[in-house]
2 protein chains.
Amino acid sequence: MEKRLPTIKEIAKQLNISVSTVSRALHDHPNIGLRTKMRVQQLAKELDYEPNQTAIFFQQGKTYTIGVILPELSEAFFSSAISGIEDAAHKGNYTVLLGQSHDDIEKEKHLLDTFRKHRVDGLLVSISKNTTNYEHFEALQRYNIPVVFFDRIPKIPNIHYVACNMINGTVQAINFLFKKGHRIIGMINGPEKLPATKERLDGYIQAMTKSRLKYDPNLVVNCDLTKEGVASSTEKLLSGKRKPTAIVAFNDYVALDAVQQVRKMKFKINKDISFVSFANLPISNYTAYPPLASVEQFPYQQGQKATETLIELLQKKSEESLENNNATFYKIILESQLVVHDVKQG
Amino acid sequence: MEKRLPTIKEIAKQLNISVSTVSRALHDHPNIGLRTKMRVQQLAKELDYEPNQTAIFFQQGKTYTIGVILPELSEAFFSSAISGIEDAAHKGNYTVLLGQSHDDIEKEKHLLDTFRKHRVDGLLVSISKNTTNYEHFEALQRYNIPVVFFDRIPKIPNIHYVACNMINGTVQAINFLFKKGHRIIGMINGPEKLPATKERLDGYIQAMTKSRLKYDPNLVVNCDLTKEGVASSTEKLLSGKRKPTAIVAFNDYVALDAVQQVRKMKFKINKDISFVSFANLPISNYTAYPPLASVEQFPYQQGQKATETLIELLQKKSEESLENNNATFYKIILESQLVVHDVKQG
DNA sequence: TATAATCACACAAACGTTTGCACTATTTTT
DNA sequence: AAAAATAGTGCAAACGTTTGTGTGATTATA
């Protein structure tokens, strides 16, 4: 029952011509006469011939495959991102090889190895939280496999990346609150060492000082993003000397957890205290007290853009070939944007 | 700067032995003397030799790659599923090639083609909503590429699949409500033609009759899952002759939309009327009025199980080879399970 | 001591495709 | 009519690996 798939050889034998002629005929090579071209192409169709890609990959040393490594697929951000990646890759005739690191640097390394062995043409990576050492990525340079990082970017020079600038969005968030009349604005930020945390803080400081509100470090608390951490951070903010009337939360989940704590303390949401947060998860539509607005980070677009960039790199690579290794690095920044929710006040 | 990666030939030349010896030495073949084995393995390490997988794939006609086609990655269900798939594949030393159909049958076909050309060893598929014709899958049989379907299963005989039995969960849901004292229980079901809808209905009828409550068709309404559809279905249920005190919703989103409508009609949630639903999205933890309980469908486990099944099939295939094509088909059913939420009453 | 078994390795084919080169007709140019 | 260009094919190498078979040397058996 084993169907032997038809090959170029088969066609050659049946038509009594050489394999090279068949190959060229199928590729519309100008050297081949119209007559034979037709005969070959017709027989190919009859036999349902399909080129063996693995043979072609091998022969050309290319796989038209992109490896994607990201921390956690079940996070909404990354599942959107992979969606954008997959769509863009498909459009560019590339295929996506997927792997998740689960924020474990060892798994990240292992995936990198696997993908390299699979001879992916290029890589798309959002690094794991626990990755602080980047040797495994630097090693890739030697293999001439281009990497485009997105969202979670390693702090090393000479890399390509696509990221979303949070500063702008944070500024918009503060300004939004300012216009609503808030003057004491707090922030529940993330773990201190995260770059995302720093960006939010920068935006906060920038916007506060521009609005002639002075920057009060007591109004900004870091937390570990657990429910308990958020609760205690919230409590700390609300029991401080200057009680904020609005809080910018690290993300939507933090906002929702904070809301719970606020209600436990018998404050009225959107009256005593309002929330703005990051991420804009679909969840917000369904909660009783969603944040007034969210800073959208466009994960789909980030994924898409990163993929397009990588494909561009791959094309340049095959064109230049041996030329001077063009040492220009793509640093693409998408702007985050505040999305105001349609919340019924009260 | 172009690094030529070291090959088996290189090693052979440097040690002045044949490539076959090198190959066997690297594979610990018993025919090779210990001395040469050591020399080869050491030089391999020195040169950082890594076998060229594309060559091996080509040579062996295997790719250790699994193609995955699913409708929409950004849906929570599928992103969990792919997570399970990826983990299981990785454990079995397979790699995952990813594609989403966006519920478009043409894209589904195209992905199938791409994956076939890439010579994936096997396929994991959750079919698109709009797929009613299954020829493209049947065609795969000829290429001897095994397919395991999951969650969304085509209605054709002789296929492998992994699915989740909703009937049991539905029965549990009704019993749960019965124990809470509810006697008039409504259901907001999905589109009529969906198999998922039928299963829920079956479970509903089964549980109602077993509980000596008679099955009243007026208590079950179908809806199109849009916000508006849910609203009107809810209204219809609540303004009927027999007003239900509890409602089983098609999924968590439907439940939340229904809750909104119920509140608009000035009924008290969990007092006048309670909800139970399907899916158990993380969202439930954050909403003001989550359903009392959800029927969990274990997407991660479904993905995992489907992958393990496929890998098993692939191993059998390579063992049996030309043997009788073992015509047993895996039909794996996971049981859904009611998860009771920790909701503060009132 | 002659024969058989074992060991350690080399040779070469095969997987399917692409592509530089050589070759033979035919046609075009001088 | 001879030389040159061109069109249409075939040959063979190459990509890196695995694996069946062949072969000489060493060791074990009778």
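Because the structure is predicted, anything quoted here is derived from the model rather than measured. Here is how names work: the chains are called A, B, and so on, in the same order as the sequence lines, proteins then strands, and each is numbered from 1.
The CG-P distance, from B/Leu15 to C/dC9, rounds to 11 Å in whole Å. One can place NE2 of A/His27 at 12 Å from C1' of C/dG16, the figure rounded to the nearest angstrom. Protein atom NZ of A/Lys13 is 11 Å distant from nucleotide atom P of C/dG16, rounded to whole Å. In this structure, CD of B/Gln59 is placed 6 Å from C1' of C/dC15, rounded to the nearest angstrom. Rounded to whole Å, atom C1' of D/dA7 lies 16 Å from atom CZ of A/Arg35. With rounding to whole Å, A/Ile56 atom CD1 is found 12 Å from C/dG16 atom P. If you take CD of A/Gln53 and C1' of C/dT18, they are 13 Å apart, rounded to a whole angstrom. The CG atom of A/Leu5 sits 9 Å away from the P atom of C/dG16 (whole-angstrom rounding).
For A/Pro6 and B/Leu34, each mapped to the nucleotide of DNA chain C holding its nearest heavy atom, the one lying further toward the 5' end belongs to B/Leu34. Summary of the strand contacts: B/Phe58 and B/Asn31 both lie near DNA chain D, and taking for each the nucleotide with the nearest heavy atom, the more 5' one is attributed to B/Phe58. Residue-to-nucleotide proximity on DNA chain C shows that, of B/Ala55 and B/Gly33, the 5′-proximal contact is made by B/Gly33.
Of the listed nucleotides (D/dT18, C/dC9, C/dT18), D/dT18 has the atom at the smallest distance from the side chain of B/Ser23. Between D/dG10, D/dT18, D/dT17, one nucleotide has an atom nearer to the side chain of A/Ser18 than all others, and that is D/dG10. Among the nucleotides C/dC9, C/dT17, D/dG16, the one closest to the side chain of B/Lys9 is D/dG16.
In this structure, B/Tyr330 and B/His160 have tilted ring planes: the angle between them lies in the 30° to 60° band.
Nucleic acid contact for B/Ile32: sugar-phosphate only, since backbone atoms but no base atoms lie under 4.0 Å from a heavy atom of the residue. Within the 4.0 angstrom heavy-atom criterion, only backbone atoms of the sugar-phosphate kind lie near A/Tyr49; the bases stay farther away. Backbone-only contact: B/Thr7 has heavy atoms under 4.0 Å from sugar-phosphate atoms and none from a base.
Counting heavy atoms from C-beta outward, A/Ile311 and A/Ile66 have side chains that approach closer than 4.5 Å.
For the pair A/Arg119 and A/Phe57, the cation-pi test (distance below 6.0 Å, angle within 45°) is failed. A cation-pi arrangement is not found for A/Lys45 relative to A/Tyr49, the charged atom failing to lie both closer than 6.0 Å to the ring centre and inside a 45° cone about the ring normal.
In this structure, A/Asp103 contributes its side chain and A/Ser128 its backbone to no donor-acceptor pair below 3.5 Å.
Taking only side-chain nitrogens and oxygens, B/Thr36 comes nearer than 4.0 Å to OP1 or OP2 of C/dC9.
With hydrogens and angles ignored, a donor-acceptor pair closer than 3.5 Å exists between the side chain of B/Ser20 and the base of C/dC11. At a cut-off of 3.5 angstrom, counting only N and O atoms as typed in the model, there is a donor on one side and an acceptor on the other between the side-chain of A/Arg24 and the base of D/dG10.
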